[in-house]
Amino acid sequence: MTDITALTAEQMAAKLRTRDLSAREVLAAHKAQTEAREGAVNAFVTLDWGAAAARAAELDAMAACGEFAGPLHGLPVAIKDCFETRSLRTTWGSRSFASHVPDYDALHVARLRAAGAVITGKTNTPEFTFSGQTSNLVAGTTRNPLNPEKSVAGSSGGAAAALAANMVALADGSDLGGSTRTPAAWCGVAGFRPTSGLIPYEPNPAPFDGLSVPGPMARTVRDLVLMLEVMQGNAPSQPLGFWQDVPRLADLEAPPARRCGRIALSLSPFGASVETSVQAAVAPVESLCQALGWQVAEDAPALEPLLAHGGITRGQCALQIRAALEPDMELAGESFRTACAQAEGRSLAELIAYQKTRTRVWADVAAFFDRYDFALWPTATGMPFSADLRDGELPEDWRTVTLTPPMELPSISIPCGRSADGMPVGLHITGPKGSDARLLQFARSIERALR
């Protein structure tokens, strides 16, 4: 049973298709693994083994007739508790929705189901995703399966923990300020933020705003792309569409189109203070890239001016969610109230000033990616902090990925060594807008070389 959960999602999918494994066997193995690990980790808000078993039996009946639902046929998949799931509780980590059961799926969830995913449950998230610590007043705190005293960061911490503990084959996340990438880094898995619009976000509390997006999470880049192939694809209902070439698993092992291009590497991007052992874990990537034929320079995109606007992006997104979902703010926790406060009372002049800065930074970033194919830096500036810290207690300047979403850049974190406390370190890779396919090819080449 344990051997089944240790397989990659791609390996599992192949064995399901040849019928060396059944969907029920795969589900039983992950159920046993979840029951063994969940008590210490608390990755899930809600589990529904009954519905999962019924779906697995249905898929096995299809397979017996030589039919398969799709590329995810029989794979156990977890959904972040900020996305609607038909007949499965969706709380957003909020006491206002502690008993909320939608009668429909979010669009990408419906696509995962149609492709054969067996949804086992909903992974933990801070309230409405607004915290760097995966904890809320509904489900409590998620702990790192590699060291339960340590944090999984936020906000897709339940997803990262479930993957790291082999409780599921694949998981989705959402990403506004690094929410797929930082938890992935601290749990030793892969998390991807796509270019806005590549994966439709529906229903979306801010449909004309590409700051927060769904993204796949997995234990390998190939598994991540296996999931992404199902999630991606323009929808007519989406104001933000994506019509460029999309990532395909069949193309992943090919070298990026611009072979022997230029890489920017910074061990202390944006003037951040990066812990020495984190830098040491990432530093060998320079010679690794050079061995693969890339030119490497010490540089980073000029995103620092965005810091001067004091959380206006985060606050704006929080107010949009508050307006769309109308939670009872008397029941809200500190993290969401604080996020809302970052935008309350802001003037139109402040918003215009922020947009002017964003426009100027966009021009600088576009010029930067005329010079470089990709930018690399540590995903998080330090080692995982205590899982017992609350909002207001988290270390300052502890992550660097928060600056890429206003530019809507595709970004990925992949495992890259260990820090001084023995916990995983993430390598963060960013490319120009719309470069998702090339970026994932490059990430896969680095992953292969690291392994």
Side-chain angles (χ1 to χ4, degrees), residues 41-45 78-83 91-94 122-165 171-193 211-217 311 313-315 317-318 321 332-340 342 378-405 411 413 423-424 426 428:
V41 175
N42 193 36
F44 287 92
V45 179
I79 304 299
K80 187 175 178 180
D81 200 31
C82 64
F83 295 121
T91 76
W92 291 281
S94 167
K122 306 298 289 291
T123 55
N124 202 19
T125 175
E127 188 172 14
F128 300 114
T129 76
F130 285 92
S131 177
Q133 181 81 288
T134 297
S135 183
N136 61 60
L137 296 173
V138 175
T141 301
T142 298
R143 295 179 175 273
N144 199 308
L146 305 179
N147 181 346
E149 294 182 0
K150 300 290 188 179
S151 172
V152 291
S155 63
S156 304
L163 286 165
D172 72 355
S174 67
D175 197 306
L176 168 62
S179 288
T180 59
R181 294 162 284 160
T182 312
W186 282 1
C187 289
V189 298
F192 181 54
R193 177 203 163 82
L211 294 172
S212 182
V213 297
M217 300 177 69
T313 300
R314 183 171 182 261
C317 291
I321 286 177
E334 180 184 356
S335 64
F336 186 61
R337 291 199 308 269
T338 300
C340 290
Q342 289 181 308
T379 304
T381 57
M383 298 176 282
F385 44 73
S386 169
D388 296 317
L389 295 180
R390 301 277 71 86
D391 280 317
E393 302 174 337
L394 306 187
E396 295 182 4
D397 192 27
W398 62 270
R399 57 180 178 177
T400 61
V401 298
T402 54
L403 296 181
T404 57
S411 306
S413 177
M423 297 298 286
H428 188 269

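The figures that follow rest on heavy atoms only: side chains count, while hydrogens, waters and symmetry mates do not. Numbering of residues begins at 1 and proceeds along the displayed sequence.
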- Please list, chain by chain and in numerical order, all residues satisfying side-chain contact (heavy atoms from CB on, under 4.5 Å) with P126, sequence neighbours excluded. S131, T134, S155
- Using modelled atom types only, decide if a donor and an acceptor are shared between the side chain of D81 and the backbone of K122 within a distance under 3.5 Å. no
- Check side-chain hydrogen bond (donor to acceptor under 3.5 Å, both in side chains) between T125 and all other residues, then give those that pass, not counting sequence neighbours. none
- For C82 and T129, work out which heavy atoms get closest and say how close. CB-CG2, 3.9 Å
- Item | Pairs meeting criterion salt bridge (charged side-chain N to carboxylate O under 4.0 Å, His left out) with involvement of residues 382-394, two or more places apart | R143-D388
- Just wondering, do L389 and P395 contact through their side chains at under 4.5 Å, heavy atoms? yes
- Message: Applying ring-ring contact (aromatic ring centres under 6.0 Å, His included), can you list everything that pairs with F130, at least two apart in sequence or on another chain?
- Response: F336
- Grab the two heavy atoms, one from A171 and one from A159, that are nearest each other, plus how far apart they are. CB-CB, 3.8 Å
- Starting at CZ of R181, measure out to OG1 of T404 and round the result to the nearest 0.5 Å. 4.0 Å
- Message: Under the rule for side-chain contact (heavy atoms from CB on, under 4.5 Å), what residues qualify as partners of A184, not counting sequence neighbours?
- Response: V189, M217
- dist H428:NE2 -> S413:OG (nearest 0.5 Å) comes out at 7.0 Å
- Message: Any side-chain to backbone donor/acceptor pair from S174 onto P214? Under 3.5 Å, distance only.
- Response: no
- Query: Among all residues two or more places apart in sequence or in another chain, which pass the side-chain contact (heavy atoms from CB on, under 4.5 Å) test with N136?
  - Reply: N124, V138, A139
- Message: Suppose we screen for side-chain hydrogen bond (donor to acceptor under 3.5 Å, both in side chains). Which residues come up paired with R337, at least two apart in sequence or across chains?
- Response: none
- Between F83 and G173, the two heavy atoms sitting closest are CE1-O, 3.5 Å
- Can you tell me how far the CZ atom of F192 sits from the OG atom of S411, to the nearest 0.5 Å? 8.0 Å
- Identify, with sequence neighbours excluded, every residue that meets salt bridge (charged side-chain N to carboxylate O under 4.0 Å, His left out) alongside D172. none
- Item | No-hydrogen, no-angle side-chain donor-acceptor test under 3.5 Å, Q133 and S151 | yes
- Tightest non-hydrogen contact, residues A161 and V152, listed as CB-CG1, 4.2 Å
- side-chain contact (heavy atoms from CB on, under 4.5 Å) partners of L146, counting only residues at least two apart: N144, R418, M423, P424
- Message: Rounded to the nearest 0.5 Å, what separates atom NZ in K80 from atom OG in S156?
- Response: 3.0 Å
- Message: Before you tell me yes or no, could you show the steps for T313 and L211 under side chain to side chain contact (heavy atoms under 4.5 Å, CB included), namely the whole-Å CA-CA distance, both residues' side-chain angles and the distance that decides it to 0.1 Å?
- Response: CA-CA 8 Å; T313 300; L211 294 172; 3.3 Å; yes
- Message: Just to verify, what does T123 make a side-chain hydrogen bond (donor to acceptor under 3.5 Å, both in side chains) with, not counting sequence neighbours?
- Response: none
- Is the backbone of T182 close enough, under 3.5 Å, to the side chain of T379 for a donor and an acceptor to pair up by distance? no
- Message: Once ring-ring contact (aromatic ring centres under 6.0 Å, His included) is applied, do any residues pair with F44, and if so which ones, sequence neighbours excluded?
- Response: none
- Message: Ignoring hydrogens, what is the shortest heavy-atom contact between P148 and A387? Give both atom names and the distance.
- Response: O-CB, 4.2 Å
